[in-house]
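Report on the following structure.
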Amino acid sequence: MLSIFSYIVYALCLGLLVFMPVCAKRGQFNEDCFSADSFKGVKGFAAIGVLLHHISQDPAFAELKVLGFFNAIGFIFVGIFFFCSGYGLYKSYRVKKGYLDGFFAKRMLPILVAIYVMNILYVPFNIAMGYEKNALQWVLGVLGLILLNDQGWFPIVIFIMYGAFLFAFKKFKKEAGALLFVLIVALVQVAVFLVGGHFAWWIGYGWFQGPQSFGTCAWYQRIMAFWFQGEWWVNSTLMFVMGLYWAMKEDRILSFFKVNYWLKFAILLVLAAVFTTLGQLAIVKVGYWTEFAGRGVGHLDKLITFIAQQLELFFLFAFIFVLRMKFFSRNRVLNFFSSVSLEFYLMQRIAINAMFFLTTTGADHRTPVFKAHYWNIYAYFFAVVALDLVLTFVFKFINKKVLGLLRK
């Protein structure tokens with residue numbers, strides 16, 4: 001029954017991707033395949049994909065491999081948001097006169113408000129869940145310097161990338177220089193993770209190899225205590241730069257693929273399949289969590305895995321967006337999730353953890369629980385989706401009110 005449930009969810013996701021399709025006629029191409037309106041579909045699907053990715057990581061779901069397809073591809077959905085953001089920013093910059101003049105208030109301030117409203121909302125949630133913190137941690141958490149929501153890294157990174165875009169395209173006379181600056185900002189973030197890893201290993205090197213090391217160390221030495229202590233902070237960010245570059249060179253790219261389209265489409269399909277396979281193999285065979293593999297911090301392993309994932313993303317996205325020249329979907333369901341994607345994402349941790357009692361036990365909620373006929377698995381899934389939607393509307397309402405006060 002659980003496998004049937006997974007297949008039903010997969011089928012529904014596929015149905016959303018093909019429902020109300022926009023198909024180019026024979027010998028023609030979708031001229032608006034990269035418009036802001038057409039991107040709503042892919043962004044909406046990515047929002048759904050991120051939630052399914054997080055649900056699939058629940059201990060009970062992971063043990064039973066329910067929705068297992070989504071477990072290893074969360075970074076692809078996040079990469080879609082980065083790509084669409086970079087693409088959309090450049091297009092708006094080129095089309096809208098004086099776009100950068102009000103950029104902070106229109107594009108960056110809403111992100112900043114979402115971050116701090118989220119932090120405040122997560123204080124009572126952390127207390128209710130029994131997550132112990134000292135006074136300094138609470139202050140740093142509210143300020144956003146450490147994460148009260150471990151999934152709250154995305155708005156921080158996108159805020160940094162928006163700031164890099166604003167600075168670069170205001171200060172550099174040539175667009176190539178501006179693009180290079182944004183790329184450097186992204187690569188610096190990558191380097192911080194590749195060097196720093198998942199925790200403060202550099203404080204008395206070797207301390208983490210003791211049997212009780214993480215149980216007795218200071219809070220700031222523990223896993224994911226600070227920014228960029230996790231590959232998810234950086235393994236999709238370069239897609240922001242790819243989105244910028246794609247928008248800059250769009251006419252040339254489209255002209256190139258319009259000639260012998262199906263041959264080039266087939267080649268991209270093969271390349272996407274090959275590099276997706278290699279990227280997934282890199283996660284399994286090499287991986288990022290090398291601090292626990294007995295080979296030291298493992299900077300090289302992390303670098304190899306990162307490069308493999310970037311190639312996976314590059315060719316997969318190239319294939320997806322060339323496919324859109326002939327086919328893409330536009331429907332109200334995907335448009336809705338696109339319109340609330342940030343709020344829907346940032347409220348997921350509350351929805352997921354609040355429902356842990358249905359599928360897990362133990363102080364750390366790591367021991368899976370299975371009820372008769374697995375009814376608790378189904379209940380957990382629908383409860384998380386429903387609660388996330390409710391919290392999304394509440395969160396969006398509060399953000400709107402705060403923004404209104406700040407803009408008066």
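- With ring centers used as reference points, W201 lies under 6.0 Å from H299.
- For E231 and Q309, the side-chain atoms include no donor-acceptor pair closer than 3.5 Å.
- A donor-acceptor pair under 3.5 Å is absent between the side-chain atoms of D301 and the main chain of T290, judged by distance alone.
- Aromatic ring centres of H198 and F193 lie closer together than 6.0 Å.
- The minimum heavy-atom distance between A282 and A308, with the atom names listed, is CB-CB, 3.6 Å.
- Within a 6.0 Å sphere centred on CZ of R407, other residues, nucleotides and ligands contribute more than 12 heavy atoms.
- Within the 3.5 Å criterion, the main-chain N or O of F357 finds no donor-acceptor partner in the side chain of T360.
- Counted within 6.0 Å of CZ on F397, heavy atoms from surrounding residues, nucleotides or ligands total 12 or fewer; the atom is thus considered open.
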F103/F165 under ring-ring contact (aromatic ring centres under 6.0 Å, His included): CA gap, chis, key distance, verdict: CA-CA 10 Å; F103 186 82; F165 171 85; 5.6 Å; yes
Derivation of the side chain to side chain contact (heavy atoms under 4.5 Å, CB included) call for W232 and V78: CA-CA 9 Å; W232 48 90; V78 177; over 6 Å; no
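- Y116 places a side-chain N or O within 3.5 Å of a backbone atom of L143 that can act as its donor or acceptor partner.
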Test log, rule salt bridge (charged side-chain N to carboxylate O under 4.0 Å, His left out), inputs E175 and R94: CA-CA 11 Å; E175 290 186 349; R94 295 299 299 171; 3.0 Å; yes
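- Put simply, the side chain of T392 gets close to the backbone of D388: a donor and an acceptor are under 3.5 Å apart.
- Residues A383 and L358 share a closest heavy-atom pair of CB-CD1, 4.4 Å.
- Of all non-hydrogen atoms in A225 and Q229, the two that sit nearest each other are N-OE1, 2.7 Å.
- Take S329 and apply the side-chain hydrogen bond (donor to acceptor under 3.5 Å, both in side chains) test, not counting sequence neighbours, and it matches N331.
- Aromatic rings from Y10 and F70 are positioned such that their centres are separated by under 6.0 Å.
- In this structure, K43 is not positioned above the aromatic face of F337 in the sense of NZ or CZ being under 6.0 Å from the six-membered ring centre and within 45° of the axis.
- Counting non-hydrogen atoms of other residues, nucleotides and ligands closer than 6.0 Å to NZ of K91 gives a total above 12.
- Taking the six-membered ring for Trp, Y378 and F5 have ring centres closer than 6.0 Å.
- For the pair Q310 (side chain) and L238 (backbone), a donor-acceptor distance under 3.5 Å is absent.
- Side-chain contact check for I80 versus F45: every heavy-atom pair is 4.5 Å or farther apart.
- For the residue pair S6 and L67, the shortest heavy atom distance occurs at OG-N, 3.1 Å.
- Between the side chain of H365 and the backbone N or O of F356 there is no donor-acceptor pair closer than 3.5 Å.
- By the 4.0 Å N-to-carboxylate-O rule, K302 lies close enough to E291 to be salt-bridged with it.
- Checked against a 6.0 Å centroid threshold, the rings of F125 and Y122 count as neighbours.
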Residue pair L346, F154: steps toward the side chain to side chain contact (heavy atoms under 4.5 Å, CB included) verdict: CA-CA 9 Å; L346 293 180; F154 176 78; 5.7 Å; no
F306 vs Y288, ring-ring contact (aromatic ring centres under 6.0 Å, His included): CA-CA, chis, key distance, verdict: CA-CA 8 Å; F306 176 81; Y288 288 109; 7.3 Å; no
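- Remark: N399 CG to I115 CD1 distance equals 10.5 Å, nearest 0.5 Å.
- When ring centroids are compared, Y99 and Y93 stay outside the 6.0 Å threshold.
- A donor-acceptor pair is defined here as one N or O able to donate and one able to accept, closer than 3.5 Å; no such pair exists between the side chain of W153 and the backbone of L147.
- Closest approach of N335 and G41 over heavy atoms only: OD1-N, 4.2 Å.
- Checked against the 6.0 Å centroid threshold, Y90 and Y245 do not count as a close aromatic pair.
- Rounding to the nearest 0.5 Å places CZ of F370 at 8.5 Å from OG1 of T359.
- Because its NZ or CZ atom is both nearer than 6.0 Å to the ring centre of F29 and within 45° of the ring axis, K326 counts as a cation-pi partner of that residue.
- When atom types are taken as modelled, the side chain of W138 and the backbone of K133 share a donor-acceptor pair closer than 3.5 angstrom.
- Put simply, the side chain of T237 gets close to the backbone of W233: a donor and an acceptor are under 3.5 Å apart.
- With V385 as the partner, the side chain to side chain contact (heavy atoms under 4.5 Å, CB included) test is satisfied by one option alone out of L51, L52, I48: L51.
- Across all non-hydrogen atoms, the minimal contact from S213 to F208 is OG-O, 3.0 Å.
- For an aromatic pair to be called close, the ring centres must be under 6.0 Å apart, and Y345 with F81 fails this.
- Judged by a 6.0 Å distance limit and a 45° cone about the ring axis, R324 is not positioned over the six-membered ring of F321.
- Within the 6.0 Å centre-distance limit, the rings of F265 and W262 are counted as a close aromatic pair.
- Side chain of S255 to backbone of R252: no donor-acceptor contact under 3.5 angstrom is found.
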